Number of protein chains: 2
Amino acid sequence: MPAGDDATASRPRAATLRDVALLAGVSVATASKALNGRDNVHPDTRRRVVEAAERISFTPNSLAQAILAGSTGTVGLLTNDLEGRFSLPILMGAEDAFGAGQMSVFLCDARDDAIREQYHLKALLGRRVDGLIVVGSNTDPRPTLGTLPVPVVYAYAPSTDPQDCSIVPDNVHAGTLAVEHLLATGRRRIAHVSGDVRYAAARDRAAGAKAALAAAGLELVGGQVRYGSWSEEWGRAATHTVLDHEPGVDAILCGSDQIARGALDVLRERGIDVPGAVSVMGFDNWEVMISGTRPPLTSVDMNFETLGRRAAQHLVDAIGGSPAHGVETMPCRVVVRGSTARGA
Amino acid sequence: MPAGDDATASRPRAATLRDVALLAGVSVATASKALNGRDNVHPDTRRRVVEAAERISFTPNSLAQAILAGSTGTVGLLTNDLEGRFSLPILMGAEDAFGAGQMSVFLCDARDDAIREQYHLKALLGRRVDGLIVVGSNTDPRPTLGTLPVPVVYAYAPSTDPQDCSIVPDNVHAGTLAVEHLLATGRRRIAHVSGDVRYAAARDRAAGAKAALAAAGLELVGGQVRYGSWSEEWGRAATHTVLDHEPGVDAILCGSDQIARGALDVLRERGIDVPGAVSVMGFDNWEVMISGTRPPLTSVDMNFETLGRRAAQHLVDAIGGSPAHGVETMPCRVVVRGSTARGA
DNA sequence: CTGAAAGCGCTTACAG
DNA sequence: CTGAAAGCGCTTACAG
């Protein structure tokens, strides 16, 4: 158990440039120049200053530097994604794009609450972030934040304002890639079990899938997408229905990895060989959902980290004075595993 | 596709208190007092200043305020938890504890790389965070950051230095609670399939489980914990072994929800009724892993949000001059579902 | 090569 | 009640 401590043992305040200068016997201006590698500082002087700084563990106060520089080297990541499914890979991509340690990221979770979002926004602007990345919890368009004193990039969920810069996964293409993969592995009678039809992600993936089928002169088995919910349970229920009504089905394209898990379970229970008789595919390539499946699940990876890196790049460009506008879609990729290809 | 824009349409710089004062026709000092609710400002003056501030969307520069106040109202969350499994609930608990918007959080992912951690640490100290929360990726002790100019609270993974303040989930008690629940629902022949024995979490949970059994005059079926890996696959393999070697087993306590999923699958395949013949329990209560299981999985919730809130409270106390020391364990709770109790 | 001075945006005693 | 002055920690012309 932690025990309370006396508050009197007060923590030493952080060292200041003035402390360094005093210790090195130079002026604050000279100390500044010495530490920042400016010209016209005598080597001996520089060494004395650097040693003094090290001795007292001097770390320059970024706040003071920022106030002079007019930029803070911070960005705000405003998310509504409680699971961190999107925002964490995006954060990671962003850290990479900014260059490790160059930029620090404030992470704020608005919890899908507009009031809380405004609150965080106000705080971030007060802290003079150089820019903002806004991460939605799905790919449906979200209200723009409007005109702000700093650039904004919308990631995952696009802004409603086409003048804003938005980076979203290409769900239409994801659907196309999925069907192309199934066709390439010899499938012709493909069913599509997806999630909640109110999600753009579900409709976009279906649109891409249908387009790819049409290009091959085919259509979905049963003639329609079976929309439902983003759950294993729906995956199981719909798979039963598909198998009962479409005996010739040779592939089930599932709108998410969770739905695909449900499909795999039912196929296994009914003794149907995967991928021998029926192939199964998911979307998202969510490692934790996929790692245990039998057989390992083929899935479309939406490349969240790349998306995050791209969003960060756009933000850096915008901060540098070259903003972009409109919605940019990011390519995705099929990760082939045993549920669609023997020996994969 | 976003199109590049001319960099000349430069963004208007953020309004400053000087702008407000000019617009309201008062001095900067008076404007400051008016906006901060200080006494001795004429009501008319205050109104003029407030109106001016609103008109130009003035947001005070927190950097300047921080430099004077000596505290920034920011904390750093230094994590090694790539999945966000722990750090996001902890972040959320921390946001709550700090009071929404009072405190902004820098999230830095060190990716289990000591160099990167030092880099982020340096940046955070430069930004003069008021304190740090360090989140580990497991409950094994991690090296202390040593003495820093700001207070530090270690969450999930305790620090190796007992003088530091660490908040960890009580895995021993979790094991005890799990077994007590199984005993209370009439189980006597309990097997324990767990993850990698090198993890303190695995050993602690097992220790708690064995203690609870001993208190009831019992021991584990087979006399030992079956350690392996934190995977569904291991859950399946170990469950087969348990069923083959211990025909009378009436409960399988699994070291994680993933292991438990594997156990449930095998029991189902072998036609064994859950929970009629054999109960199954997991640890972590990871919603996304659990939501699809049949029957729904009983699991021990480690209360990460509470842990995060507690860590944040300790940090706030330490910032306020009342630091705590030592390792504090947080209670967990059993969430009962159908895998151990009919009709739950 | 070094340092005094000005200044970033703000707040807080202190005169008036 | 109001405002000029000092100052937080730093950097950058500008004199010397």
Side-chain angles (χ1 to χ4, degrees), chain A residues 12-50 52-53 56-74 122-123 125-130 149-150, chain B residues 12-50 52-53 56-74 122-123 125-130 149-150:
Chain A
R13 66 167 176 65
T16 161
L17 187 59
R18 202 165 159 279
D19 300 329
V20 176
L22 240 46
L23 188 58
V26 296
S27 73
V28 170
T30 299
S32 172
K33 285 174 225 159
L35 292 175
N36 291 312
R38 292 277 170 285
D39 285 349
N40 296 329
V41 177
H42 191 95
D44 287 355
T45 309
R46 192 185 301 276
R47 195 169 20 72
R48 279 214 322 283
V49 171
V50 169
I56 59 178
S57 300
F58 170 70
T59 310
N61 185 327
S62 304
L63 304 176
Q65 295 179 317
I67 245 176
L68 297 187
S71 83
T72 54
T74 62
K122 180 100 180 172
L125 293 178
R127 298 192 189 283
R128 295 297 188 265
V129 291
D130 295 333
V150 294
Chain B
R13 67 166 175 67
T16 161
L17 187 58
R18 202 163 159 281
D19 300 329
V20 176
L22 239 45
L23 188 59
V26 297
S27 72
V28 169
T30 300
S32 171
K33 285 175 222 156
L35 291 175
N36 291 312
R38 293 276 170 287
D39 285 350
N40 297 328
V41 179
H42 192 94
D44 286 356
T45 309
R46 192 185 302 275
R47 195 167 21 73
R48 281 214 321 283
V49 171
V50 169
I56 60 178
S57 301
F58 170 70
T59 309
N61 185 326
S62 304
L63 303 176
Q65 295 179 317
I67 244 176
L68 298 186
S71 84
T72 55
T74 61
K122 180 100 180 174
L125 293 178
R127 298 192 188 284
R128 296 296 187 264
V129 293
D130 294 334
V150 295

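Every chain is numbered from 1 and lettered A, B, ... according to where its sequence line falls, protein lines coming before strand lines. Please read these numbers as outputs of a predicted model, since none were measured by experiment.
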Checklist entry - If you round to the nearest 0.5 Å, how far is CG of B/Leu68 from CG of B/Leu63? => result 11.0 Å

With a 4.0 Å cut-off on heavy atoms, is [X] in touch with a base, just the backbone sugar-phosphate, or nothing at all?
| X | result |
| --- | --- |
| A/Thr30 | base |
| A/Asn61 | sugar-phosphate |
| A/Val26 | sugar-phosphate |
| A/Asp39 | nothing |

Item to check | Any donor-acceptor N/O pair, B/Arg46 side chain to B/Ala34 backbone, under 3.5 Å | outcome: yes

Item to check | Heavy-atom donor-acceptor pair, A/Asn36 side chain to A/Arg38 backbone, under 3.5 Å | outcome: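 A pair under 3.5 Å: no.
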
Should [X] and [Y] count as side-chain neighbours, where that means a heavy-atom distance under 4.5 Å?
| X | Y | answer |
| --- | --- | --- |
| A/Leu35 | A/Leu17 | yes |
| A/Thr59 | B/Arg128 | yes |
| B/Val150 | B/Leu125 | yes |

Just the rounded figure in Å: distance from [atom2] of [N] to [atom1] of [X].
| X | N | atom1 | atom2 | result |
| --- | --- | --- | --- | --- |
| A/Asn36 | D/dT12 | CG | C1' | 11 Å |
| A/Ile67 | D/dT11 | CD1 | C1' | 12 Å |
| A/Asn40 | D/dA15 | CG | C1' | 14 Å |
| A/Leu17 | D/dC8 | CG | C1' | 13 Å |
| A/Asp44 | C/dT2 | CG | C1' | 14 Å |
| B/Leu22 | C/dC10 | CG | P | 13 Å |

Checklist entry - When you match B/Val28 and A/Leu63 each to their closest nucleotide on DNA chain D, which lands nearer the 5' end? => result B/Val28

Item to check | 5' precedence on DNA chain D between B/Lys33 and B/Leu68 (nearest-nucleotide basis) | outcome: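 Nearest nucleotide further toward 5': that of B/Lys33.
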
Among [options], find the nucleotide with the atom closest to the side chain of [X].
| X | options | answer |
| --- | --- | --- |
| A/Arg128 | D/dT2, C/dC10, C/dG3 | C/dC10 |
| A/Ala64 | D/dC10, C/dT11, C/dC8 | D/dC10 |
| A/Phe58 | C/dG3, D/dG3, D/dC10 | D/dC10 |
| B/His42 | D/dC10, D/dA4, D/dT2 | D/dT2 |

Checklist entry - C/dC10 and D/dC1: how far apart are their P atoms, nearest whole angstrom? => result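 So the two P atoms sit 25 Å from each other.
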
[N] phosphate, OP1 or OP2, under 4.0 Å from [X] side-chain N/O:
| X | N | value |
| --- | --- | --- |
| A/Thr45 | C/dT2 | yes |
| A/Ser27 | C/dG3 | yes |
| B/Arg38 | C/dT12 | yes |
| B/Ser32 | C/dT12 | no |
| B/Gln65 | C/dT11 | yes |
| B/Thr16 | C/dC8 | no |

Item to check | Counter-base of D/dA13, judged by Watson-Crick or G-U geometry with both distances under 3.5 Å | outcome: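 Across all strands, not a single nucleotide pairs with D/dA13.
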
Next on the checklist: Which nucleotide, if any, forms a Watson-Crick or G-U wobble pair with C/dA4, using both distances under 3.5 Å?
Outcome noted: none

